[in-house]
Amino acid sequence: MKKTRFAIVGCGSIAKKHMHVINNYLENGEIVGFCDIDGDRAGKYAANTAGKPFSDARSMMDAIGDQVDIISILTPSGIHAQNVKELVGYGKPLIIEKPLALRLEEADEILRLCDEHRVKIFVVHQNRYNRPVIKAREALESGRFGKLVMGTVRLRWKRDQAYYDEAKWRGTWTYDGGVFTNQASHHIDMLTWFMGNVESVKAIGVTRLSKIECEDTGAAILRFTNGALGIIEATTATRPKDLEGSISILGEKGSVVIGGFFMNELVTWEFIEPDTTDDTVRKDFTANPEGWGYNLGEYLKDAIRSIESDRAGLVDGLEGRKSLELISAIYESIETGNEIKLRFVPQRCRLGVR
């Protein structure tokens, strides 16, 4: 079978997971290039692999571009737009770690460039592929929830000072953002995927324990265009250890709660009208299979299928922009103290400002 060959741009901690998944979950995945501005770090990733190390992305593609099927951009969030500008001309599909960018105008520029060059773009929100999430989404699409009432996500994680000190870009407005942008972006994506478009948001954020520029703790109340409400509770100041990453979906005909560390364990599956599949869901879809990176593996497999069949991916650039717009509105609300209506132009949001 034909191999799918990846070029990795950005060799930080998240690259370890992508490398593991490509090598262990993709039957015919292969990494042919590693790029990082720290050439030594790229060299360490490339050691004992068939991939070649580079310290410049264009130099990498000029040298081995004919061997590359997909470029994975795993750099700090604040330079995703710069990476795309450098690489889109090579015509290869782009997989970009969340978030798509830090500023809406940068996201729009990414989408425009990819359209111009007819390049497929995928934003990494792999939790959509968690087994309990897949079944909950099927229940939503079949109408089992009825009228949606409320959706809630909780992120209660521990990120101590050592985590932020490990990389200088973490927790900065220019390159990262706070808990809403970094850790909770997966949960924000999941909330809107289930609950629909957001009409308005009111938020507050504080920095309680970590010495960073941005918030380590925040809360937001959302009003969806369908009339339902939403709550986002997010903190990296949980001590002494991680507690949960969960989503609750409440409707007039049923309730589902998915917990665990990253919305990967079924907690509640209750509907007024029983279905013949309910016992199977509770028995066989309560959690992902054991192993590190299952959901990312499923995400990458689906991205490859969409490339080969020339269809849209589940999380394309437009989907990635949706969560970024809400995150930007959350920060606008924190800065102004106002309820922010979506489809807005950020004025006070500091995210991505240089």
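As a basis for the values below, the full set of heavy atoms in this structure was taken, side chains included, without hydrogen atoms, waters or symmetry mates. Note that the numbering runs from 1 along the sequence shown for the chain. On a predicted model such as this, the values are computed, not experimentally measured, just so you know.
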Self-check item: R282/D279 under salt bridge (Lys or Arg N to Asp or Glu O under 4.0 Å): CA gap, chis, key distance, verdict
Solution: CA-CA 5 Å; R282 296 189 187 102; D279 288 342; 3.5 Å; yes

Exercise. Step by step, work out the salt bridge (Lys or Arg N to Asp or Glu O under 4.0 Å) result for K211 and D165.
Key: CA-CA 9 Å; K211 295 179 181 179; D165 292 344; over 6 Å; no

Quiz prompt | Worked check of side chain to side chain contact (heavy atoms under 4.5 Å, CB included) between V124 and I95 | solution = CA-CA 7 Å; V124 179; I95 289 177; 3.6 Å; yes

Quiz item: Could you walk me through whether I232 and L222 pass the side chain to side chain contact (heavy atoms under 4.5 Å, CB included) check?
Solution: CA-CA 8 Å; I232 301 169; L222 288 64; 3.7 Å; yes

Practice problem: Go through the steps to decide whether I121 and V119 satisfy the test side chain to side chain contact (heavy atoms under 4.5 Å, CB included), and finish with yes or no. | Solution: CA-CA 6 Å; I121 181 173; V119 165; 5.5 Å; no

Self-check item: N130 vs N295, side chain to side chain donor-acceptor pair (under 3.5 Å): CA-CA, chis, key distance, verdict
Solution: CA-CA 6 Å; N130 291 343; N295 52 6; 3.0 Å; yes

Quiz item: Stepwise, does the salt bridge (Lys or Arg N to Asp or Glu O under 4.0 Å) test hold for R305 with E308?
Solution: CA-CA 5 Å; R305 285 192 294 268; E308 293 176 344; over 6 Å; no

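The distance from atom CG of L148 to atom CE of M150, rounded to the nearest 0.5 Å, is 11.5 Å. Taking CG of D302 as the reference point, atom CD of E298 lies at 8.5 Å (rounded to 0.5 Å). Rounding to the nearest 0.5 angstrom, the gap separating the CD1 atom in I247 from the CZ atom in F194 is 5.5 Å. From M61, atom CE reaches atom CD of Q67 across 10.0 Å, with rounding to the nearest 0.5 Å. Between E97 atom CD and I14 atom CD1 the span is 4.5 Å, to the nearest 0.5 Å. Here I330 contributes atom CD1 and I221 contributes atom CD1; the two are 11.5 Å apart, rounded to the nearest 0.5 Å.
Considering only residues two or more places apart in sequence or on other chains, H18 meets the ring pair (Phe, Tyr, Trp, His ring centres under 6.0 Å) condition with none of them. With sequence neighbours excluded, no residue satisfies ring pair (Phe, Tyr, Trp, His ring centres under 6.0 Å) with F6. Residues forming a ring pair (Phe, Tyr, Trp, His ring centres under 6.0 Å) with W193 (at least two apart in sequence, or on another chain): none. Residues passing the side chain to side chain contact (heavy atoms under 4.5 Å, CB included) test with E30, sequence neighbours excluded: K3, R5, V32, A50.
No donor-acceptor pair closer than 3.5 Å links the side chain of K147 to the backbone N or O of K253. Under a 3.5 Å cut-off, the side chain of R128 and the backbone N or O of L314 do form a donor-acceptor pair. Side-chain N or O atoms of S323 include none that pairs as donor or acceptor with a backbone N or O of H186 at under 3.5 Å. A donor-acceptor contact shorter than 3.5 Å links the side chain of T174 to the backbone of V353. A donor-acceptor contact shorter than 3.5 Å links the side chain of S333 to the backbone of N338. Formation of a donor-acceptor pair under 3.5 Å by the H187 side chain with backbone atoms of L155 is not found in this model. With W173 contributing its side chain and C349 its backbone, the two residues share no donor-acceptor pair below 3.5 Å. Counting only distance, with no hydrogens or angles, the side chain of K120 and the backbone of L94 share no donor-acceptor pair below 3.5 Å. R144 contributes a side-chain N or O that, together with a main-chain N or O of E273, makes up a donor-acceptor pair within less than 3.5 Å. The closest donor-acceptor contact from the side chain of E270 to the backbone of G254 lies at 3.5 Å or more, if one exists at all.
Using a 4.5 Å cut-off on side-chain heavy atoms (C-beta onward), D176 and T181 make no contact. Contact of the V9 side chain with the I71 side chain is registered, since non-hydrogen atoms from C-beta on lie closer than 4.5 Å. You'll find the side chain of R58 reaches within 4.5 Å of the side chain of Y90, heavy atoms only. Here the side chains of L26 and T4 are not in contact, with every heavy-atom distance at 4.5 Å or above.
Atom CG of D66 has more than 12 neighbouring heavy atoms from other residues, nucleotides or ligands inside a 6.0 Å radius. Around CZ of R354, the count of heavy atoms belonging to other residues, nucleotides or ligands within 6.0 Å exceeds 12. The environment of NZ in K52 is sparse: at most 12 heavy-atom neighbours from other residues, nucleotides or ligands sit within 6.0 Å.
When all heavy atoms of L74 and I8 are compared, the closest pair comes out as CD1-CG2, 3.8 Å. Nearest heavy atoms, S185 versus K98: OG-CD, 3.0 Å. Of all the heavy atoms in L318 and L111, the pair that sits closest is CD2-CD1, 3.8 Å. Closest non-hydrogen pair, R239 versus K158, comes out as NH1-CG, 3.7 Å. In terms of heavy-atom proximity, P93 sits nearest to F122 at CB-CE1, 4.4 Å. Closest approach of K17 and G293 over heavy atoms only: CE-CA, 4.0 Å.
A cation-pi geometry, defined here as NZ or CZ lying under 6.0 Å from the six-membered ring centre and within 45° of its normal, holds between R170 and Y163.
No side-chain donor from either of T236 and D216 sits under 3.5 Å from a side-chain acceptor of the other. S248 and T152 are not linked by any side-chain donor-acceptor pair at a separation below 3.5 angstrom, with hydrogens and angles left out of the test. Side-chain contact annotation: E215 with Y331, donor-acceptor N/O pair under 3.5 Å present.
Aromatic ring centroids of W269 and F285 lie 6.0 Å or more apart. Taking the six-membered ring wherever Trp is involved, the centroid distance between the rings of F145 and F271 falls below 6.0 Å.
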Using distance only, find each side-chain donor-acceptor pair of residues 195-207 under 3.5 Å and give its atom names and separation, not counting sequence neighbours.
| from | atom 1 | to | atom 2 | distance (Å) |
| --- | --- | --- | --- | --- |
| S200 | OG | E339 | OE2 | 2.5 |
| K202 | NZ | G337 | O | 3.3 |
| T207 | OG1 | C214 | O | 2.8 |

Residues 34-44, side-chain donor-acceptor partners within the protein, below 3.5 Å, at least two apart:
| from | atom 1 | to | atom 2 | distance (Å) |
| --- | --- | --- | --- | --- |
| D36 | OD1 | D38 | N | 2.8 |
| D36 | OD1 | R41 | NE | 3.4 |
| D36 | OD1 | R41 | NH2 | 3.2 |
| D36 | OD2 | C11 | N | 2.8 |
| D38 | OD1 | D40 | N | 3.1 |
| D38 | OD1 | R41 | N | 3.3 |

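The aromatic rings of W292 and H20 lie tilted to each other, with the angle between the two planes from 30° to 60°.
The cluster map of Ile, Leu, Val, Met, Phe, Trp and Tyr, joined by side-chain heavy atoms under 4.5 Å apart, puts Y175 and L324 in different clusters.
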